[in-house]
Structure formats: C-alpha cells, structure tokens
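Take a look at the structure below.
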Amino acid sequence: MLQKPRGTRDFLPDEMEARRAVEWRLREVARRWGYREVCTPEFEDLELFTMRSGEGIIEEMYVFEDKGGRKLALRPEITAAVIRMYINEAKVAPKPLRWCYFADCFRYERPQKGRYRQFWQFGVELIGADTAAADAETIMLASDMLNATGVTYELKVGHLSFMKNLVKDLEPAMQRRVRVHLDKKDFDGLNATLESLNRADLAASLTALVETRDLAEAFEIAGTISEKERVEQTVASLDASDVKYSLNFGIARGLDYYTGIVFEGFAQNLGAENQILGGGAYRLAHLFGGDDVASCGFAVGFDRVMVSLGETTAKKDTVVGLVSMPEGRKRALEVGRAFRDAGIRTEMNLMERGLGAQLAHASKSADFAVVIGKQEAEAGEVTLKNLHSGEQKTISLDAALAEVRAHGAR
RNA sequence: GCCGGGGUGGGGUAGUUGGUCAUCCUAGAGGAUUGUGGAUCCUCCGACCCGGGUUCGAAUCUCGGCCCCGGCCCCA
C-alpha cells in the first residue's frame, strides 16, 4: 500500500474541525488588531532562503529544479517571502503595514513530537514602524493570540542589544558562537570559548545577563546601551497591558538579522519541541534589494499548539438526518432545501434502506431525524424525531425548522 | 545524519522454544424486523509494513529498507 511521505499527516474531519476552530480564533485576533491576510507562493527561488538564512539551510529544505533549470525550494518559513513580496508589490504602501498569514511550510528534518516535515504557521509581520510602540504591539498581539488558542504557555521577552554590547569587541564569528552558547545555556562551552579568546573577564557578566529577570539589573550588567530608552518604553507598555511575560536576555534566536526585541513562547506540556512562538524585530528588506525598512513579526507553530491542546472536542454542528420513504422522496428534496437554506447541516438518505435502517444510521450521525413518508408528504408536514431523547412529533416544516434551530443555539 | 522503542483487518488487540483454517473487541455492509434507531442474535467484509536469507515450513529467527513514537543534532 502506498504511504504518505515521511513527516506528513492526514487529517480526518474531526481533526480538521478542531484545527479550523483554532485557526479562526487566531484569524479573529489578527483581524481585531488590523492585520490583514496575505499569501505568497508555496515555493520560491532557493536564493530567497539562502540569502536570509545562509547556505547551510539547503540541507534542511525541500530543494528541486524545475523543467527550466531553476533552483527552487518549498518554503521553510514565510517571513522572507512576505518581505520579498513587500519589496515587489507594496514598497510605497502607507506605513505601517500590518500583515498576517496562515500557511504551510516544509522542512527536511527528522520528525518527532511536534515536528513534522509539513507544518503550519500563523504569523504576522508589522512593517515600517521602527518604534517601541511597534515592538510592544507585536508582543501584545502574540500574547492575545496564544490566549485565544487556550494553550498554557510562557512568554519570554528579551533584547539583543544587551548581549551585543557585551561582546561588541569580539569578531563577528566569535560573537555568534558566544550567542549560541548563551541561547542554549551552555556555560561550560561559553567559558571555554571565552578563555580561548583571552576574554574570561566577560564570563561573569554574560552569565549574569542570561540569569537576570530584571531590567534595571540588565542595564547595570550590560553597560551603556543606545537603545535604552526604547527598551524602557517597550517594557513600560507591556507592563501597562495585561501581557504576562518574563524578561530573558539570553534569548538569541537563530539568525543574525534580528536587531532588537526578541521573544519566544513555550507550551508547558510538550516534549523537546515545546517552542510554539518565536519572533522579534529584524531588518531583511535590504537583503532582497529593497530599502532598509524595519520590521517586527512572529510566527505561531500551529501544529504544536494543536498537540499542546490535545484532544479537544470542537463544538459539533447540529445535524439533521433526512429519512425518507419512496412516496416521500420528492417532498424530502424540498424539505432538505428548506433546512439547508436555514443554515442547518442536513444529510439525506442515499442508501436503499428501510425506515428502521435509516433511523439506525441517523442515530449514529445526527441529532434529529426528519421523516418524510407517504403520510407526511400527503399532509404537508414532517415528523421530527429528537434522536437524543427519542421524542417525536409530526408538525409543520416551519415548526421543525424552529425547533432544530433552537437546539443549535444552545 | 545519530541513539532507543515499535509496526498483526479501518481503529484497538491476542498469538513468537518456528508447525491446524491467525484470536477477540470495535467499526462497516446486509439480515432477523416493508412506518420508527440505540438492546440481542445471525451472515458478510477485512490484517501479519516491504524485500532478501535460514528452514520441509517464518507473523515468529536473521539481514536490509520503509514508516511510526520518543530523544540527540538542528530549529529560519
């Protein structure tokens, strides 16, 4: 038998309904903050992603050549494409731009809990606002979104300027190495690296910076930072809002183009792959031939959110099973039309079955059975049976519609 | 790419010192029941991940592959 590709999943209706329900909650939050949806191609020039993230990521991507010999890749994330799109289509749009997306991405990695080769991200990008208010808005939106999904999570907020200031005298490659150590809390590795550079003097401050959860203390440790005022304003905004977060100056994110604020969200009940949100302020546009516009954005790891939520029972549609006898078939089509026009999910019998067998089937899939036989067709009425209580009555079509609607409203 | 645990009908399972027709539950189709479901009974449908090897004989032993689960690496 043919199997689906490794790391991909099939979703049956129950699961799709649960996923769509969460998706729409995220959409609704984005909408309320003024973020409008965009869509970019499923695949792009390979170069778009290597420019952003380096040649190393080729190993982790689905890369292919098309019939014209073009090097392409299935998108491993969406931010680069959105910024490319901004440069191509919307450079002169009034700033700030508030965009969001919900889309699948592909990475060639070893699957494990919460990690798949095809996965979905819900992300937002705020383009062209280089202010503390913009940084704060993005984090407040992130918080709102995670709250809307219902996951239990922890939100960590940091700022790269602190760490960057401490290591500014090191050469860029070493700065990066130190950052990786700190992001992983690998203090042994950090000390070894610093000693090899004869900069063991930095160890104490860097370690203290990663450990502190206090802004004033972080300023003391890191020394004079040009962005001090902006950081203070951002933090003040967050504290004035209802965002629950903790400061963490060890957050380094993976890439070099993050410029200031950075933040990450973690679900509490996941395994090794428990990060469900990541983002920050960055400058990417100039890489793709645009202006050096400042942006801030994040993405929610949708699949991990769903894993974290577990087996949640999505609210079920009220379902009507339309049971009909040969003499009532024609009338049943009219009745079905009326129920559907009223917005009610209505499933007509398609099998060559007797009344008993039709009801038996309806009892497994529906809340109500509407029976249309010879008697109902002649009387112009319907028999409505509540399949939970067993209660049954023969009434007018309008009365039946009203009763089913009332059930759905509960 | 690395480490560990797995893979038996659609779902869940029993069965391996190698040996009847591979067990049971559930789901599905039909019937007992031609205008009333959920109970009961009957019938039907349907599986040893793939390939090589050992053997008279492999679901069982062995090798390789694929896939799943957890972890490492990575995590844009």
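All figures in this text were calculated on a predicted structure; none of them were measured in a lab. Here is the naming used below: chain letters follow the sequence lines, and residue numbers restart at 1 for every chain. Heavy atoms only: backbone and side chains are in, while hydrogens, waters and symmetry mates are out.
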side-chain N/O A:Arg110 vs B:G71 OP1/OP2, d < 4.0 Å: no
Tell me what A:Glu376 touches on the nucleic acid: a base, only sugar-phosphate, or nothing, going by heavy atoms under 4.0 Å. base
Identify whether any heavy atom of A:Gly271 sits under 4.0 Å from a base atom; if not, whether one sits that close to sugar-phosphate; answer base, sugar-phosphate or nothing. sugar-phosphate
Assign A:Gly390 to base, sugar-phosphate, or nothing according to its heavy-atom contacts below 4.0 angstrom with the strands shown. base
Does atom CZ of A:Arg353 have more than 12 heavy-atom neighbours, drawn from other residues, nucleotides or ligands, at distances under 6.0 Å? yes
Per atom distances to the A:Ser363 side chain, the nearest of B:G37, B:G35, B:A76 is B:G37
Within 45 degrees of the ring normal and closer than 6.0 Å to the centroid, is that where the cationic atom of A:Arg19 sits relative to A:Phe11? yes
Need one value for A:Ala272: base, sugar-phosphate or nothing, where a base atom within 4.0 Å counts as base even if backbone is also close, heavy atoms only. sugar-phosphate
Taking B:G35, B:G28, B:A76 as options, the one with an atom nearest any side-chain atom of A:Glu60 is B:A76
Considering just the side-chain nitrogens and oxygens of A:Arg75, establish if one lies under 4.0 Å of OP1 or OP2 belonging to B:A76. no
Classify the nucleic acid contact of A:Gly7 as base, sugar-phosphate or nothing, counting any heavy atom under 4.0 Å across all strands shown. sugar-phosphate
A:Thr383 has its side chain closest, among B:U36, B:C73, B:G37, to B:U36
Would you say B:G71 has OP1 or OP2 under 4.0 Å from some side-chain N or O of A:Gln112? yes
Less than 6.0 angstrom from the centroid, inside 45 degrees of the normal: does A:Lys228 satisfy that with respect to the ring of A:Phe219? yes
My understanding is that only one of A:His407, A:His388, A:Arg345 makes a side-chain hydrogen bond (donor to acceptor under 3.5 Å, both in side chains) with A:Asp367; could you say which? A:His388
Counting only side-chain heavy atoms from C-beta out, which of B:A76, B:G37, B:C73 sits nearest to A:Arg115? B:C73
Which base, if any, makes a Watson-Crick or G-U wobble pair with B:G35, both distances under 3.5 Å? none
Heavy atoms from C-beta onward define the side chain here; which of B:C73, B:C74, B:A29 lies closest to that of A:Lys184? B:C74
Does A:Arg6 put a side-chain nitrogen or oxygen below 4.0 Å from OP1 or OP2 of B:C68? yes
Here's one to test your reading of the geometry: is the NZ or CZ of A:Arg9 within 45 degrees of the ring axis of A:Tyr116 and under 6.0 Å from its centre? yes
